[in-house]
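Each residue takes its place number in the sequence, starting with 1. When a ligand or atom number is given, it counts from 1 through the structure's own listing order. No experiment lies behind these values; they were computed from the predicted model shown.
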Amino acid sequence: MARKTENNGPSVSAQEALEFHAMGRPGKLEIVATKPMATQRDLSLAYSPGVAVPVLAIAEDPSRAFDYTARGNMVAVISNGTAILGLGNLGALASKPVMEGKAVLFKRFADVDSIDLEVDTEDADEFINCVRYLGPSFGGINLEDIKAPECFIIEQRLRELMDIPVFHDDQHGTAIISAAGLINALEITGRDMKTTKMVCNGAGAAGIACIELMKAMGFAPENIILCDTKGVVFQGRTEGMNQWKSAHAVKTDARSLAEALEGADVFLGLSAKGALTTRMVQSMAKNPIIFAMANPDPEITPEEVAEIRTDAIMATGRSDYPNQVNNVLGFPYIFRGALDVRATTINDDMKIAAARALAELARQDVPDDVAAAYQGMRPKFGPNYIIPVPFDPRLISAIPIAVAKAAMDSGVARKPILDLDRYAQELSARRDPIASTLQRIYDRVRRQPKRIVFAEGEEEQVMRAAVSYVNQRLGTAILLGRDDVIKENARNAGIEIDRQGIEIINARLSRRNGVYTDYLYERMQRKGFLFRDCQRLINNDRNHFAACMVALGDADGIVTGVTRNYSTALDDIRRVIDAKPGHRVIGASIVLARGRTVIVADTAVHDMPNAEQIADIAEEAAGFARRMGYEPRLAMLAYSTFGHPQGERSERVQEAVRILDKRRVDFEYDGEMAADVALNARAMAQYPFIRLTGPANVLIMPAFHSASISTKMLQELGGSTVIGPLLVGLNKPVQIVSLNAKDSDIVNMAAIAAYSAGA
Ligand SMILES: NC(=O)C1=CN([C@@H]2O[C@H](COP(=O)(O)OP(=O)(O)OC[C@H]3O[C@@H](n4cnc5c(N)ncnc54)[C@H](OP(=O)(O)O)[C@@H]3O)[C@@H](O)[C@H]2O)C=CC1
Ligand SMILES: CC(=O)C(=O)O
Ligand SMILES: [Mg+2]
């Protein structure tokens, strides 16, 4: 069981860490209003007098607080700073960076709104009294970095006093994640939980909670030995004991960690740097499982273990080694599930469900997004990959659903979820706004599955996309390419393509070649192409072949582009497929930013459109917006707004607006205007005559360069998600992805092509 021990994660310097925290607005979070606060009316609604109405409603029925306030999605991260990470008791104020960090992780990973509260007392009663009255403000309480044994008293008392989940993350988060890793390590080493012998070093918050959960999951109490700074916690020991340690004291002759570890299967380290020696590791059973989780430095390093044993499965708390046991894999998703069913608590069933769901996820094939987060490495279930990585995009749908189900089954859900499929969709939409836009598309395609040609069928990411397309029940995926090459590449990449729903077509051997060549020749003979040229294009060029398949009804749509630049692929396609009669082919990009969706055009086709063409682009984009489910409000963009400042480029846009006026189109549009006027209600209010009823959701750019530059800047600097450019106006559905697109991008484009085919 050889393992890699190289340090494979990013390391940061102290200076970088300080600069990161100081840059821009100091700290890591700010509060953003969810309602407009622009007008007097807004203020009258948000505050007095309007606010009195929800006040009265909540006074009458407290559950209405979930409808009218942020409570249901709000978790407080609360600490007194007595056990900050492994740094010790550094006080409430010093804990604030960690607590802000937890709060933003809640938001980033599970769309849970969160605020940090640092309580400046070490007295358990004072702390409890401070927190117990905060219940009305929050849907849950995440306690953090409070030292043992006070943490046990505090958590237990607050659980009794409050009717919302109270969860000490260092206890239960750690327990859940290590349980998940352990389930898989046991599986890999062929062990049974009931007979596995474990030694847990560290009898504090994390250690005690871990062994409690392990026992609840099926470990035999007599097989777990707990150790602390005084050695083994045996029955009858009096030194350094407390009631929480006593509960786990066992009958044993072992007195030291070294003695306890002889022949042990598992070492669970939640203690301190260097507590485990190589000699102790040597004495453990075959295929030992070593979780050295002390932060920031583990009980033993993977390198030290690798020097003496090659059969160990090793995990640490750090991101720079494989198998990171980190509670960020747990708390955002556990609270997400608990909040969504308005659970009164987080019980053992919910914790075990989370651990099992996490363990299960690590056994599944890894998508591109995860591989990308790890510099292209595609971890495979095994000794070096027993637990999912924090950036795994599947966590948001897999974990909360397991937690919510367990809450319902164990009777602590105040608002059960009836439609779990729908809930799963809502969960993925929380992670990434793109998902909700795409969800509708996917749903429709599932009802009307389509045959999509994946023109570059020999490429690994294309094959993955094809498999995903079929797995998601979107239809048939046709991989264009040489049969033997596709199969060989698939085998090497571990992709299962030999399945129903995937067809391989080799253009050179296809019986349709003659028909396709005739078709192409018919179209190209007066444009300088000989019959021979057309034959060569059909035989050798997959875009031409794919386009003919779609043109002649052998497939419903095409996705291409990973091996060829956009304009070349578009030229190939345009030789075979025309614009829809009466339409103009344009590129439209969907930009998702800060909860807003905006369509930008033309991001692909017209370099420097004249006024007539800008008007055409506007009409195409409006139609596209409607098909995507948005009622279009178009802003015809320029650097000027309604004639100021004057300039030739703006005149073209003004002319385009006049053309649209003459065409009497049936959507809202106006211009020319600058981007801020188009997008900002307050800026728009400066122009009372404006014909848009609200901020624009479709932006028509004056030229390709402004469209391309602005969408790419939004993506890179603004953190926006951009889908596209999508080809709009072609007579048959074709989508071109960008060079080196990931499998998930390709599937999205295939789904969009399939969606257009059904329209
Ligand atoms: N990877 C992860 O996700 C997480 C890791 N941790 C890490 O676990 C460790 C413990 O955290 P936590 O439980 O919150 O802290 P606590 O202060 O509550 O408990 C620490 C425990 O470790 C014991 N201990 C300390 N040094 C040694 C040693 N050399 N040999 C044996 N036992 C020792 C202490 O023994 P005694 O009782 O005798 O004082 C005590 O029982 C920290 O390093 C922390 O960073 C914690 C949470 C999550
Ligand atoms: C990870 C964490 O919460 C800790 O080390 O305290
Ligand atoms: Mg912590």
Exercise. With a cut-off of 4.0 Å, which atoms of ligand 2 are near a heavy atom of Glu144?
Worked result: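 Atoms satisfying the 4.0 Å criterion: 3 (O).
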Exercise. Under 4.0 Å from any heavy atom of Lys102, which atoms of ligand 2 are there?
Worked result: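 In order of number, 3 (O).
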For [atom], the protein heavy atom that lies nearest, with its residue and separation:
atom: atom 5 (O) of ligand 2; answer: Asn295 ND2, 3.0 Å
atom: atom 1 (C) of ligand 2; answer: Asn327 OD1, 3.3 Å
atom: atom 4 (C) of ligand 2; answer: Asp170 OD1, 3.5 Å

Exercise. Under 3.5 Å, N or O to N or O, is Ala294 touching ligand 1 that way?
Worked result: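 No, since none of the N or O atoms of Ala294 sits under 3.5 Å from an N or O of ligand 1.
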Exercise. Short N/O distance, under 3.5 Å, between Lys230 and ligand 1?
Worked result: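 Among all N and O atoms of Lys230, none is under 3.5 Å from an N or O of ligand 1.
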Exercise. Evaluating non-hydrogen atoms only, which member of Ser178, Gly204, Ala292, Pro298 is closest to atom 19 (O) of ligand 1?
Worked result: Gly204
Problem set entry | Within less than 2.8 Å of the Mg ion (ligand 3): protein N, O or S atom count | 3
For this session: Look at the rings of Phe335 and Phe167 and say which category their plane angle falls in: under 30° parallel, 30 to 60° tilted, over 60° perpendicular.
Result: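 Taking Phe167 first and then Phe335, their aromatic rings stand perpendicular (interplane angle over 60°).
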Problem set entry | ligand 2 contact on Val98 by region, counting heavy-atom pairs under 4.0 Å | neither
Problem set entry | Closer than 4.0 Å: a protein non-hydrogen atom to atom 17 (O) of ligand 1 |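 No, no protein heavy atom sits under 4.0 Å from atom 17 (O) of ligand 1.
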